[in-house]
Amino acid sequence: MSETKAKDETKPNYKKSLNLPKTAFPMKANLVQNEQASIKRWNKLANKEGLYKAMMDTAKGRKKFVFHDGPPYANGSIHLGHLMNKCLKDFVTRSKFMDGYDCPFVPGWDCHGLPIEHKVMTDLVDSGKAKKLETLDDDTRRTAVRKECQSYAAKQVKLQSGQMERLLTVADYKDPYLTMNPRFEASVLEVLSGLCAQGLVYKALKPVHWSIASETALADAELEYQEREDLSVYVDFEAADGDAVYEAFGIEEGARPGSKPSFMIWTTTPWTLPANLAIAVHEKFEYSLVRVDGNLTVMATELVAKVCKGAKSEDVETLATTSGTKLLGLRYKHPLRENAPTPIGEPDADTTSCYTIVSADYVTLEDGSGLVHTAPGHGSDDYLTGLRVGLPVYCPVLGDGTYDETAPEWLAGMSIWDANDLVAKRLTESGHMFHAQKFMHSYPHDWRTKTPVIFRSTEQWFVDVNKPTKRENKGLREMALASTQDGGTVSFVPAWGRNRMRGMLDSRPDWCISRQRAWGLPIPAFTMPDGGAFMTERSSKAVADVVRAHGSDAWFKESPEFLLADYDASSDADAPEALRNGSVSFGDLVKGRDILDVWFESGSSWNAVMRQRSDGQDFPIDLYLEGSDQHRGWFQLSLLPSLGVMGKPAFKTLLTHGFMVDKDGKKLSKSKGAALKDLFDRYGADVLRWWVCSLAYENDVKVDEEFFKLAGENYRKVRNTMRFMLSNLDGYTHEQSGSFDPHSLEAWVLSEFDALSSRVVKAYNEYAFHEVHKLIYNFCNTTLSGQYLSAVKDRLYCDATDSTRRTQTQRALFILTDGLCRLLAPIMCHTSDEAFRALHKIDPKDAEHCVHLTRFPAPTGVVAADGWAGTHALLDNARRILEDARATRGIDNPLDAGLRVADPEGVLAAYCMDDLADLCGVSRFMISESGETIVDDLSDEPRCDRSWKRDGTVKLRADGGMLSDRDANAVGVE
RNA sequence: GGGCCUGUAGCUCAGUUGGCUAGAGCGCACCACUGAUAAUGGUGAGGUCGACAGUUCAAGUCUGUCCAGGCCCA
């Protein structure tokens with residue numbers, strides 16, 4: 001220990017004469033409790049209507065930035081996925097507000113749909129109420145179930161919005177949009193009506209994904225793919241006319257084998273074989289007639305080896321080959337049935353084309369045999385092929401997954417899953433089975449019940465994506481592709497979202513919008529006495545108005561006459577003739593039982609927001625921000641209706657974020673994702689928000705306990721920097737006016753701050769929150785903590801309390817702290833306000849003054865001397881030399897050193913040497929006369945007892961202490 | 001199987017149109033300070049840029065194949 005540190009009781013103690021840091025702003029944030037206090041305080045704003053209202057009042061008259069919240073599903077506590085999503089949205093709305101926009105944020109919830117209905121039904125069964133319901137008539141029962149669903153959903157919305165507020169997100173939580181609100185429902189039906197107006201809505205029998213467990217059609221978005229073991233079978237379909245086949249293969253009559261050849265098909269769904277109506281081949285492929293284990297069969301040449309190897313058949317002989325074209329039109333015998341089936345309800349179905357070889361270009365050589373089993377009632381490719389060649393849409397499977405009476409009698413009434421093995425057994429017994437094996441593949445499952453889904457043809461409502469609209473004479477797909485192309489009206493953040501979305505638009509089928517459940521918005525369609533469907537632009541609009549007034553329950557409770565009271569069929573050109581001429585009256589109509597796909601509801605939210613909240617002002621919407629799964633979901637399903645109804649996209653920009661994965665980059669398991677409440681309690685919302693801000697959100701985001709700890713640590717770093725500045729402003733009263741010498745440290749740091757501030761605001765505007773994080777963090781760490789603050793410490797502590805130099809420094813600190821609070825406000829909502837209040841000495845009872853009602857900092861306009869860049873370069877070099885001296889000469893404490901710095905360009909002379917000394921942390925700074933940078937060891941020079949500097953002015957003073965001139969002056973001794 | 005995306009120090013990320021010994025921060029190690037103190041400052045060690053091949057005078061950067069992972073689909 002050096003002698004200077006030794007205590008000397010005879011010397012005066014100067015510590016009390018210093019202006020040491022003092023503040024009530026605690027080092028320990030105690031976020032978990034204090035954030036609650038902030039929330040309470042913010043809630044007092046705007047006459048207790050809260051912060052959101054206060055912000056909206058403040059923003060009145062500003063330029064609008066319209067952001068639209070995608071509705072999360074109203075079920076369960078919010079989880080890590082919501083954390084990122086909601087924080088990012090909050091960063092957007094808060095930063096837009098602080099950048100001078102009026103940015104309303106109406107939160108929404110998706111309230112209808114199967115998950116809630118499922119949960120409610122489970123509860124009803126558990127509580128024994130379900131049985132009672134079964135005794136009621138259908139509409140009454142549905143209404144009762146819907147009532148339960150409604151109160152359940154309302155409860156979930158309350159739960160989630162409470163948690164979102166706890167996350168410190170600011171939104172119109174007092175008046176959110178709920179998809180089950182009558183006014184929202186009505187606006188959805190308006191969209192449906194608008195699509196009807198363009199002639200895009202139709203009803204058809206089509207194979208759709210069908211959940212047996214839920215007994216409903218499912219949308220693409222309601223599917224999830226899981227691994228499943230299935231039976232894969234190779235089946236020989238015997239040719240109807242052997243000679244025709246031999247002819248196709250060019251085998252002369254004399255050379256033909258006596259037995260009949262077969263066509264080998266492959267399928268992974270043996271249960272669909274009873275519905276087989278055709279076999280598809282590719283015209284361009286080569287097919288072989290082969291003898292395998294004594295049987296004659298046809299398959300694609302390229303697959304012969306593979307198929308036979310799989311079946312362990314070694315006795316293989318190719319007799320002849322031919323092209324797929326030659327096989328077209330050949331007939332075969334169905335292995336399970338004698339005659340072509342007659343679909344229920346279609347006694348006149350044309351079955352003449354059944355059991356024929358047809359052409360299809362989706363036949364591949366990847367799997368199977370090159371001959372594709374075709375069942376138009378059970379697959380979309382099959383359906384289209386059937387449509388082309390004139391096959392009936394035959395589907396012998398009922399909604400509950402059992403066969404109807406048109407199936408072979410040994411299958412009727414049986415579940416299709418049980419049928420798989422039975423069909424295989426039957427085929428084996430009859431000698432049609434070539435080979436069967438179990439195999440694993442990914443297979444679509446009902447996202448809710450986790451049960452496998454089947455393709456089943458049913459009567460459903462669709463939105464046509466190809467048919468030209470009446471208004472533009474262009475299909476929705478074409479319009480969607482045009483608006484999302486490069487240079488179109490929609491922009492994407494990140495840019496690759498464009499390709500992703502366009503790829504999906506390119507391949508999407510017509511949108512099946514109907515579901516067969518209770519908890520949803522009814523499709524306002526009626527069935528005519530002749531069985532035809534009736535729904536027009538004007539009839540659905542009439543029902544929409546009823547729903548707005550009475551809610552969608554009206555559909556179930558009221559009569560067609562009531563629902564259509566304001567509808568005049570005679571003047572509706574789109575209405576069926578029988579209705580128009582009055583031969584059928586409303587009383588003859590039967591209400592449809594389908595409800596809308598929930599995606600149609602959320603996909604119509606732009607209309608609800610536009611019409612209900614802003615009289616059409618807020619359309620199109622500036623920004624949609626969701627996970628990248630929504631390219632197919634909400635984004636696309638909002639785009640299509642808005643194009644159909646408005647002729648333009650609902651949004652201008654689509655921003656997507658990635659998904660949470662575990663620390664190894666693997667999909668997050670459910671159990672890991674659940675612990676959000678726990679995270680609040682351990683880290684506080686500001687730390688979690690600071691973490692979200694740091695993320696490269698466009699990619700997958702790794703989550704792990706460790707990362708929150710790290711976020712907590714560098715949160716503290718920023719907090720401490722703020723605290724240090726606040727602690728040096730004790731007793732300071734800010735002067736707005738006044739200038740700074742361009743060569744002063746203050747001019748330098750404030751110009752740096754201006755640069756930071758404009759970069760941060762730019763980053764906010766580009767949604768580059770990660771950049772915001774980096775910029776602010778580095779500024780606190782490097783520019784402030786490492787450079788400026790460590791340089792001005794001496795003058796803050798040791799200069800006379802109201803010396804000009806110290807006051808100027810405090811002015812800078814005040815501006816910096818105030819500015820930092822504002823830049824941080826969108827991220828660290830609580831901490832920034834806490835610091836802001838401490839800085840402005842706001843009374844604890846005063847809730848009105850709040851950083852969240854302010855703007856981003858205006859430029860200080862302070863001009864720094866041009867020479868600062870060169871000066872910093874010289875100082876960096878000098879510090880490096882100082883560091884060498886420390887290592888080689890043992891000058892551990894920089895205050896024991898003086899610097900003589902080479903200044904070849906002559907930039908340093910304009911600066912105050914004491915400022916440069918403080919920037920380097922040394923006691924004395926001079927410009928080197930020798931042209932070399934030299935470190936002087938000042939250990940032998942006297943040290944100031946008060947400032948610990950050895951600046952050359954230190955001497956014994958009247959009070960007995962060793963003081964420098966500055967310190968002697970500060971304590972007032974000669 | 002297809003579309004889109006990701007893979008750079010232990011961790012999180014930067015790396016414009018290919019061009020000087022690949023940069024930050026965290027963490028770690030060491031040092032200083034003990035008047036920001038359950039703080040603060042400084043210094044340092046860490047990378048065959050997922051793998052392989054190709055184009056080029058030159059590749060983390062372009063091309064292809066493969067591996068691993070994510071989202072969406074079949």
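Naming convention: chains lettered A, B, ... in sequence-line order (proteins, then strands); numbering from 1 in each chain. Please read these numbers as outputs of a predicted model, since none were measured by experiment.
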Using the [atom1] atom on both, measure [N] against [M] and round to a whole Å.
| N | M | atom1 | value |
| --- | --- | --- | --- |
| B/C72 | B/G54 | C1' | 32 Å |
| B/U65 | B/A24 | C1' | 34 Å |
| B/U17 | B/G60 | P | 15 Å |
| B/G46 | B/A22 | P | 13 Å |
| B/C26 | B/C57 | C1' | 40 Å |
| B/C62 | B/U6 | P | 10 Å |
| B/G25 | B/G15 | C1' | 15 Å |
| B/C33 | B/A9 | C1' | 30 Å |

Name all pairs fulfilling the salt bridge (Lys or Arg N to Asp or Glu O under 4.0 Å) condition that reach into [range], sequence neighbours left out, sorted by first residue then second.
| range | value |
| --- | --- |
| residues 873-883 of chain A | A/Asp876-A/Arg879, A/Glu883-A/Arg886 |
| residues 693-707 of chain A | A/Arg682-A/Glu705 |
| residues 18-34 of chain A | A/Lys22-A/Asp730 |

Of all residues at least two apart in sequence or in a different chain, which pass the ring pair (Phe, Tyr, Trp, His ring centres under 6.0 Å) check with A/His631?
-> A/Phe635

Taking only residues two or more places apart in sequence, or in another chain, which ones meet A/Phe708 in a ring pair (Phe, Tyr, Trp, His ring centres under 6.0 Å)?
-> A/Tyr683, A/Trp691

Hey, does A/Tyr383 have a side-chain heavy atom less than 4.5 Å from the side chain of A/His378?
-> no

d(CH2, A/Trp691; C1', B/G25) in whole Å | 17 Å

Mind calculating the distance between CZ (A/Arg880) and C1' (B/G42) to the nearest angstrom?
-> 13 Å

Starting at the 5' end of RNA chain B and moving along, which residue's nearest nucleotide shows up first, A/Ser947 or A/Cys780?
-> A/Ser947

With RNA chain B as reference, determine whether A/Cys798 or A/Lys702 sits nearer its 5' end, using the nearest nucleotide of each.
-> A/Lys702

Per the atom types in the model, does the base of B/A36 pair as donor or acceptor with the side chain of A/Ser785 at under 3.5 Å?
-> yes

Side chain A/Arg500 and base B/C71 donor-acceptor under 3.5 Å = yes

Would A/Tyr777 count as stacked on B/A24 if the rule is ring centres under 5.5 Å and plane angle under 30°?
-> no

For residues 916-925 of chain A, dump all side-chain donor-acceptor pairs below 3.5 Å to protein atoms at least two apart in sequence or in another chain.
| residue | atom | partner | partner atom | Å |
| --- | --- | --- | --- | --- |
| A/Asp918 | OD1 | A/Lys949 | NZ | 2.8 |
| A/Asp918 | OD2 | A/Arg795 | NH2 | 3.0 |
| A/Ser923 | OG | A/Leu895 | O | 2.7 |
| A/Ser923 | OG | A/Arg950 | N | 2.7 |
| A/Arg924 | NH2 | A/Glu941 | OE1 | 2.3 |
| A/Arg924 | NH2 | A/Glu941 | OE2 | 2.9 |

Under 4.0 Å between any heavy atoms, over every strand shown, what does A/Met501 touch: base, sugar-phosphate, or nothing? Just pick one.
-> nothing

A/Arg946 meets the salt bridge (Lys or Arg N to Asp or Glu O under 4.0 Å) criterion, sequence neighbours left out, with A/Asp967

Thinking salt bridges, do A/Arg719 and A/Glu834 make one under a 4.0 Å N-O criterion?
-> yes

Considering only heavy atoms, which members of residues 705-719 of chain A lie under 4.0 Å from some atom of RNA chain B?
-> A/Phe707, A/Leu710, A/Glu713, A/Arg716, A/Lys717

Between A/Tyr697 and A/His770, does the ring centroid distance fall short of 6.0 Å?
-> no

Just the table, please: protein N/O against nucleotides 64-68 of chain B N/O, every pair under 3.5 Å.
none

